[in-house]
Amino acid sequence: MHTTPWARLSGHRATGAAALTVLAVVLLAAPLVLPDFWQQLILFSGAAAVGAIGLNLLVGVNGQLSLAHGFFLAVGAYGYAYLGPGTGDAGTGSVGLPTPVAALLAVAAAGVAGLLFSPVAARVRGIYLGLASLALIIVCKQVLAGARTLTGGAYGRDIPEFDLLGFHFGDQSPYLYVLGKPFGAFDRLWYLVMVVLVLAYVFMRNVLRSRVGRGLRTIRDSEAAAAAAGVHVQRYKSLAFTLSSVYAGIAGVLLGLLFQHVVPEYFSLTLSVQYLAMIVIGGMGSARGAVAGAFVVTGIPLLLAEYSEHIPFTSTAGDGGLDTGVLSQFVFGALIIVILIAGARRPGPLLRSRRAKSGDPAASAVPTPASGPTERIRA
Amino acid sequence: MHLVNLLVDGLSLGLVYALISIGFVVIFRGTKTANFAHGSMLVLGTFVIASLHSKLGFGGAVAAGILVSAVFGLLVNRITMVPTRDAGTDVRGIITIGLNVILTAELTRRLGANIMSSGAPWGDATLSAGGLRLPVSRLCALLVSVLIIGGFMLVNRYTMMGLSARATAEDPEIASMVGARLRRVSDSAWILGGVFAAVAGLFLTTYPSAGLVVGTSEIAILAFPAAVIGGLDSVGGAVAGGLLVGLSQSLVSGYHDRLGFLGNGFDTVAPWVLMVVILLWRPHGLFGKRPLYRI
């Protein structure tokens, strides 16, 4: 039987358990030893990874192209801010619910938003869906600019700090010291983000290995074959849309907590494109790939900005030269193009995870997508 | 009279959108790729026009802009589309998204907060007759669009090149068996897409618009709803879609005082809402071909 190195590693139970223990200890101790820059890089990447896992379920696994992921992130972030306790920001409204309840409701709201959009997704396929989902981003921009009590207008609004069972995820109340170092908001949020990321990852792996995951993959490869095999195509497609929006909502709440202040401009088309870049770079259809892609896409601009003085030809932002923000855009764009061209030169469709190729019988049960004569282009 | 003015305004603007979306549709038909970089291609061509008109004169600058945009289209096809011709529509759509990221970043850097004029000789002159007002720029747009779109339709209908393109859009494999040269078809599609984008960009940035700004690409992506409304593979549909988008914009902004509950600037959103409604009714646009699924 064909085995990957990772499978061999986890095949040895003792080694696997030891590796997991080491990983857990490293994760637990990390906030105490990591420099601030790396800690924040990992935090933001981890929060983005949750969103990327969700988008990969929709695009990589189920084959529904969406450019609206940023919209669902916005629902999560603003939903949490609006439902939670007020922060005293001028002109913004808030319901004043306890933060865990606000977070849960915000995530649910993102899921409902996904469910509401899924009738469009059910009728519209492929590239038409990608373009239709652009409409959500445009409408989102309009709503965010108009609804001042929700978003605070162009200046944005503060995000209330999170509490869970009496523990406060902020810099103060109470001040905490661990080993003589102040234990601030980022240190506390580290554990929240890591726990959520691990749960999100494990849940997605289980979904992908289950009947539902096989059904979703079969729909991507051929809707007709999936329907013939007894998969309820429309229900599964709207399930994928809802679940991916829930993931986006969670990521939105986490990112809001990390930023502490969000502006509507952040949730632009660029954000959705970045999430698409994450799953393309990491690998379509795999949860691991989404996490890796999230670290690459989130990490590149931060690393370039941090080490800009060591990079030749760069200048500071705003003076018309090549600043690191522009440079990181170049890197993303080039990575997307190069990876897809390289992937297309390999035999077999690219929109299929490597994992599925190496031995999942359900994924290889449909050898060629029966997508009609138009797909057979040769020059 | 208000309504007539709005209709004329919407139709003349709609023809410019039609021009952009025809380019988009031609590329889609030629290479089965939704070109998400179309907006930034438009800005590229217009940027060249706007930066060169003081040196080369308006005519020379327009020629240079069209040339740059066309060569860019050709390069995109050769570098990214030809190697991926066996990949799916989605994959190549995402490649153009990557392309858009790079091109937008570079053009945004070059443009900054500037407002660049395209140096059109007609400036902000306006014709008015019997209460009907029409900027000369829009009149030029109207004439040029009708000429270009008409010329393209004729070429598409009556020449060998048009026949190859139409055959390839139906079925590339069979078209190549009967002698259509697919690389030439896809090259010409991307070149035409670039040319149309540059011409449309010129009219999109002349009066009544202030000039070329970073936000111009956001107006240019209104070609997407236009193309989708008409159906991505229908040239006639692109014209219809463009006109509908132009009309919806001018009507919404014209009756802005009665539509105040929708918020400021709803005219940029209206075409997208219209698109979603039409997609729910007809999932492949008004004139798009429904694909047949074979099992």
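All values below were derived from every heavy atom in this structure, side-chain atoms included, with hydrogens, water molecules and symmetry-related copies excluded. Sequence lines set the chain letters: A, B, ... in the order given, protein chains first and strands last, and positions in each chain run from 1.
The number of heavy-atom neighbours closer than 6.0 Å to CZ of B:Arg184, taken from other residues, nucleotides and ligands shown, is 12 or below. The neighbour count for B:Arg166 CZ, taken as heavy atoms of other residues, nucleotides or ligands under 6.0 Å away, is above 12.
Options A:Leu276, A:Val338, A:Leu134 differ in how many heavy-atom pairs under 4.5 Å they form with chain B, and the most are formed by A:Leu134. Ranked by heavy-atom pairs shorter than 4.5 Å toward chain B, the options A:Val143, A:Leu131, A:Leu269 are led by A:Leu131. Contact count against chain A (heavy-atom pairs under 4.5 Å) is highest for B:Val228 among B:Thr104, B:Val273, B:Val228. Annotation: maximal heavy-atom pairing with chain B below 4.5 Å, among A:Leu136, A:Ile336, A:Thr270, occurs at A:Ile336. Taking chain A as the reference chain and counting heavy-atom pairs below 4.5 Å, the highest number among B:Leu99, B:Leu232, B:Thr108, B:Leu279 is found for B:Leu232. Counting heavy-atom pairs closer than 4.5 Å to chain A, the top-ranked of the candidates B:Ile95, B:Ile102, B:Val101 is B:Ile102.
The shortest distance between side-chain heavy atoms of B:Tyr17 and B:Gln249 falls below 4.5 Å. The closest side-chain heavy-atom distance from B:Phe47 to B:Leu212 is below 4.5 Å. B:Ile20 has its side chain within reach of B:His38: a pair of non-hydrogen atoms, C-beta onward, lies under 4.5 Å apart.
Neither the backbone nor the side chain of A:Ala277 comes within less than 4.5 Å of any heavy atom of chain B. Proximity to chain A (any heavy atom under 4.5 Å) is restricted, for B:Ile79, to the backbone atoms N, CA, C and O. With a threshold of 4.5 angstrom between heavy atoms, B:Glu218 approaches chain A through side-chain atoms but not through N, CA, C or O. For chain A, the nearby part of B:Val276 is the side chain; its heavy atoms alone come within less than 4.5 Å.
If you run ring pair (Phe, Tyr, Trp, His ring centres under 6.0 Å) between A:Phe267 and each of A:Tyr78, A:Phe71, A:Tyr275, only A:Tyr78 comes through.
Aromatic rings of A:Phe72 and A:Phe117 (six-membered ring for Trp) have centroids beyond the 6.0 Å cut-off, not under it.
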